[in-house]
Amino acid sequence: MPMDFQILDADYEVINDSNPVIRLFGRGADGKSVCCFVPDFEPYFYLKASGDLHAVARLIKDTFAQVKKVEIVEKFEPIGYQKTKKEMLRVTTHLPRDVPEIRGDILKLQEVMRAEGKWEVYETDILFRNRFLIDKNLGGMVWLSAEGDPIDPVKYFRRSTSGSSRCENFACDSSILASGFKKVENFTIAPLKYLSFDIECLPLDGGMPSPDVSPIVMISFSFEPEYRGHKTLVLLARPAEGINSDVLPCKDETEMLNRFFEIFCEYDPDIVAGYNHQDFDIPYITDRVRALVAQGKAINPVVGRDGSKISYRRFGLLTRTEMKGRVVVDALPLVRRAFSLKQYTLRAVSKELLNREKLDVPPLEMEEYWFDTGEKFRKFVDYARRDAELALELILNLRLLDKYIALAQVSGSLLQEIVDGGQTSMVETLLLREFGLRDRVLLPKPDDGVSAERYEMSSDLKGGEVLEPKKGLLENVLLLDYKSLYPTIMMAHNLCYSTVVTGDTPDGATIKPPSGGEFVPPDVYKGIVPSILEDLLNQRSLTKQRMRSTSDENEYRVLDATQLAVKILLNSFYGYSGYARARLYNLTLANAVTSFGRSNILNTREIINNTIRKIVLRSGAALLLDEAGELSPHDKVVELSVAYGDTDSVFVHCQSTMDLSLEEVSLVGNRLSDIVSASLPDPMELEFESIAKRALLIAKKRYALWLFEPRNSGWEDKIKVKGMETVRRDWCELTSVTLNRVLELVLIEGNVDRAVEHVRKVVNNVRNLDPAKDSEIIESLILTRTLTRKSESYKNKQPHLTVAEKLKERTGVMPSIGTRIPFVITAGKGLFVDRAEDPDYVREHNIPIDVDYYIKKQILPPVERILEVFGVKLSSLDFDSKQKGLFDFEAKKPEVKKQEKPRPKKENNEKPKEQNLFKENGRAEQSSLFDF
DNA sequence: GGCTCTACCTAG
DNA sequence: TGAGCTAGGTAGAGCC
């Protein structure tokens with residue numbers, strides 16, 4: 001009977017020291033965990049040699065015992081348009097590890113052969129499991145239907161010396177030896193099992209615990225679905241009585257650890273979650289087990305589905321863990337990537353995203369709590385439990401994995417690689433597959449020297465064009481943008497590694513980008529990357545189509561994640577081409593893409609400003625001047641000018657002597673989109689996005705819009721802020737709240753007077769700040785900045801570095817690189833960097849705040865940048881001088897009624913990245929402090 | 001006050 | 001945040 005399962009992980013095992021067997025781990029539709037063994041797949045790579053290839057082939061076979069066979073094949077080289085394929089050698093080895101072993105030495109045969117030219121090896125650094133997945137057109141989270149007989153992995157591996165000890169603990173529900181398999185289309189996700197865990201250590205003197213000496217005293221679990229009726233479970237490293245049922249007291253730490261591994265394997269999770277467990281808990285457990293074993297304790301730390309033990313590897317600062325057959329998912333980096341927050345402590349994240357409180361036990365009192373027998377002990381246990389719960393809730397409630405699962409499916413990379421890494425592995429997987437199908441070989445990864453050289457060169461890569469904004473407050477601004485600009489440029493102009501002219505000269509005309517270089521047109525050779533992009537684009541529209549027709553909520557979510565994943569992949573190829581560590585790096589290509597982009601946006605501006613110039617609105621139609629002919633008094637003439645644009649967007653200012661309704665402005669928007677799109681090569685398209693009733697343009701990459709978007713038969717409005725201090729995390733909340741209010745008053749109510757009045761009040765309140773009374777006010781004065789490097793690598797002092805070093809002095813623990821450090825500026829003399837202080841410390845010690853700094857450096861400059869558009873001067877804001885009536889900005893009432901007050905509630909899965917003033921919960925809270 | 005440099009964060 | 005890219009604004013600090 002065929003077995004259907006979703007591929008979670010893959011690797012290989014060597015049988016009899018001679019035959020590699022692929023192992024595919026997965027979860028079946030029936031809920032069973034599966035290991036599927038696939039024999040008979042062989043490792044190989046390519047060699048470009050010169051001279052008599054038959055002789056070279058013989059020499060290779062004679063020289064290397066690792067080589068199983070050598071064949072002559074016809075292949076294109078990786079980069080450049082080529083008229084014909086070249087003969088190359090495909091070298092098959094016995095074992096996967098033979099490939100890296102001989103790839104260097106094989107090149108030395110060139111001397112032996114006294115051959116001309118330069119020999120090269122290709123595809124020598126592809127992991128065997130990936131080679132298999134790529135060649136068989138499989139991939140991570142793909143559904144597979146496998147035929148074959150059930151086997152006992154223990155017996156199967158008995159012949160193998162390397163695998164025998166491990167497979168004793170083989171942990172899959174079923175194993176089969178595949179005789180055949182095929183990919184299955186299935187838009188559901190297997191019933192995955194999620195487990196998260198968290199450890200508590202007893203540090204010495206409240207400092208950082210060290211695995212050599214500091215014991216693990218508790219391990220908490222959270223399960224989805226339940227484990228034997230438990231949603232959570234807390235293991236204790238000591239006996240205890242009178243504790244509820246979700247607690248498992250053990251004799252000692254060793255017994256607790258053994259129970260941990262037993263429960264772990266019995267539960268058999270697919271997803272192993274935690275918060276920062278990749279960097280902390282897993283390495284700690286690994287080292288602690290090693291320390292205990294060294295003391296003669298017996299611990300069997302199995303976590304892998306194949307019976308492998310817990311382990312980790314450090315690459316510099318980065319830690320990687322692997323649990324065979326499972327996927328290790330650390331919620332911390334996922335939350336970081338998905339949400340722009342001021343801090344990423346579990347406490348801050350839970351509060352912000354789950355609206356859940358983390359419980360707390362002060363580090364210095366942990367010992368006291370642990371040895372307590374009453375309330376404190378129970379608190380400690382609940383605290384541990386809560387942390388495991390929160391980690392799992394983050395992943396499940398926020399659906400953090402959906403996107404990654406879809407990315408795995410669309411790109412063909414394994415889920416673990418995608419969760420751990422960036423775009424590189426996905427792009428390379430797609431490239432390898434497509435290059436293979438088109439008989440083109442791929443380069444190995446460049447070594448560090450080559451990457452460094454390329455890195456120097458990358459200054460030769462120019463990016464997008466940013467148009468100078470028409471600064472000030474504008475009414476009726478159309479927002480148009482190019483849908484997937486760079487991918488569509490690559491498709492439209494056939495830009496690819498395989499079409500760039502580097503050697504062979506094509507017959508006929510070529511495509512010449514503004515940046516230089518030449519590319520062959522698609523009828524000469526259709527580019528590989530453009531083909532991949534085309535497939536992705538088609539896949540996206542098919543997915544969207546299916547979304548419209550499905551009524552199944554789960555399927556809808558999977559499809560939505562899929563179309564998002566496709567979009568991400570579409571946009572990854574350009575970046576890869578200019579990435580110094582890419583297998584395929586080509587600045588001619590990368591520059592061609594951006595240069596077409598730049599000339600495109602400039603052309604667009606030219607067309608709108610000088611070719612179209614005006615649109616005539618007449619009986620529900622938007623006409624060009626030519627089409628309109630003679631004008632009548634009923635016509636509305638709209639004058640167009642591009643007010644701003646950045647890379648792929650254009651803001652068009654619509655001016656008329658008469659009032660314009662949103663519907664009328666839309667007519668113009670649709671017409672512009674049609675005209676400009678028609679002038680572009682397929683599939684490039686300028687889309688009409690939305691209308692800004694008012695737009696405040698401050699500088700390049702800094703603006704605020706009062707946006708209207710069509711929503712079933714009506715309009716939905718919101719404020720969108722880009723680049724300004726309200727969306728920047730290195731400004732305090734008081735700044736963003738104040739600025740948001742100012743923007744709201746100016747953009748929606750058009751009332752500059754009230755904005756000025758508001759700022760005055762805020763300034764006054766800060767001036768008269770009484771920190772003893774308003775200790776919580778400090779909250780809104782906290783700035784945060786990321787610690788980006790080691791102390792010694794900073795050339796200048798930095799406020800957050802000052803604070804980080806103070807923290808190290810006080811607690812003994814230096815915050816790690818990548819942490820966002822909160823700080824406030826305290827009163828005193830001297831440089832401001834020296835007056836940065838930890839907010840908690842300030843609160844505890846009642847240290848006065850530098851009120852002047854907050855007024856002069858935090859509130860006024862950003863506010864002034866906005867208000868100076870209306871002629872308001874800074875001096876009028878700081879003092880209670882009476883400066884009313886100087887400016888009289890009379891706002892026209894918007895002709896479309898604003899949507900009624902109740903705004904959509906902030907949902908948990910909504911990214912706070914995009915600021916919406918009305919959702920700013922800060923406003924209501926702050927109003928008692930600053931806004932009366 | 002203007003200029004240069006470092007540092008950070010954001011737009012796209 | 002040790003692996004996609006560039007463009008660009010603003011601040012602090014040191015220098016003239």
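A, B, ... follow the sequence lines: proteins, then strands. Residue 1 opens every chain.
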*Go through L346(A) and L394(A) one step at a time and tell me if the side-chain contact (heavy atoms from CB on, under 4.5 Å) criterion holds.*
CA-CA 10 Å; L346(A) 181 56; L394(A) 284 170; 4.0 Å; yes
*Might you work through the salt bridge (Lys or Arg N to Asp or Glu O under 4.0 Å) test for K483(A) and D648(A), ending with a clear yes or no?*
CA-CA 8 Å; K483(A) 214 168 59 172; D648(A) 58 358; over 6 Å; no
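More than 12 non-hydrogen atoms from other residues, nucleotides or ligands lie less than 6.0 angstrom from NZ of K342(A). Taking a 6.0 Å sphere around NZ of K567(A), one finds it holds 12 or fewer heavy atoms contributed by other residues, nucleotides or ligands.
Seen from the ring of Y794(A), R789(A) counts as a face-on cation partner, given the 6.0 Å and 45° thresholds.
As judged by a 4.0 angstrom heavy-atom cut-off over every strand, L831(A) is placed among residues touching the sugar-phosphate backbone only. F832(A) comes within 4.0 angstrom of the backbone, heavy atoms only, and of no base. In this structure, L317(A) reaches the bases: a heavy-atom distance under 4.0 Å links it to at least one base atom across the strands shown. Using a 4.0 Å heavy-atom distance criterion, G575(A) is classed as a base contact. Residue V833(A) is classed as a sugar-phosphate contact, given heavy-atom separations below 4.0 Å to backbone atoms only. Heavy atoms of R865(A) sit under 4.0 angstrom from primed sugar atoms or phosphate atoms, though from no base atom.
Between the P atoms of dT4(B) and dG4(C), the separation comes to 33 Å (whole Å). dA7(C) and dA3(C) have their P atoms separated by 23 Å, given to the nearest Å.
Classification of R583(A) and D125(A) as a salt-bridged pair holds, one side-chain N sitting under 4.0 Å from a carboxylate O.
Map K700(A) and P333(A) each onto its nearest nucleotide of DNA chain C; the residue landing nearer the 5' end is P333(A). Each of A699(A) and G316(A) was matched to the nucleotide of DNA chain C holding its nearest heavy atom; the match closer to the 5' end belongs to G316(A).
Ring pair F519(A)/H493(A): centre-to-centre distance not below 6.0 Å. Aromatic ring centroids of Y703(A) and F651(A) lie under 6.0 Å apart.
Looking at every heavy atom in both residues, F832(A) comes nearest to P799(A) through CZ-CG, 3.9 Å. Closest approach of S595(A) to S515(A), counting heavy atoms only: OG-OG, 3.1 Å. Contact between A590(A) and Y574(A) at its shortest, heavy atoms only, is O-CE1, 3.8 Å.
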*In dot-bracket notation, what is the pairing pattern of DNA chain C, taking Watson-Crick (N1-N3 plus N6-O4 or O6-N4) and G-U wobble (N1-O2 and O6-N3) contacts under 3.5 Å, with [ ] crossing and | for other strands?*
....||||||||||||
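Contact footprint of chain A on DNA chain C: nucleotides with an atom under 4.0 Å from a non-hydrogen protein atom, first to last in 5' to 3' order, dT1(C) to dA13(C).
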_Contact state string [nucleotides 5-12 of chain B, B base, S sugar-phosphate only, - no protein heavy atom under 4.0 Å]_ = -SSBBSBS
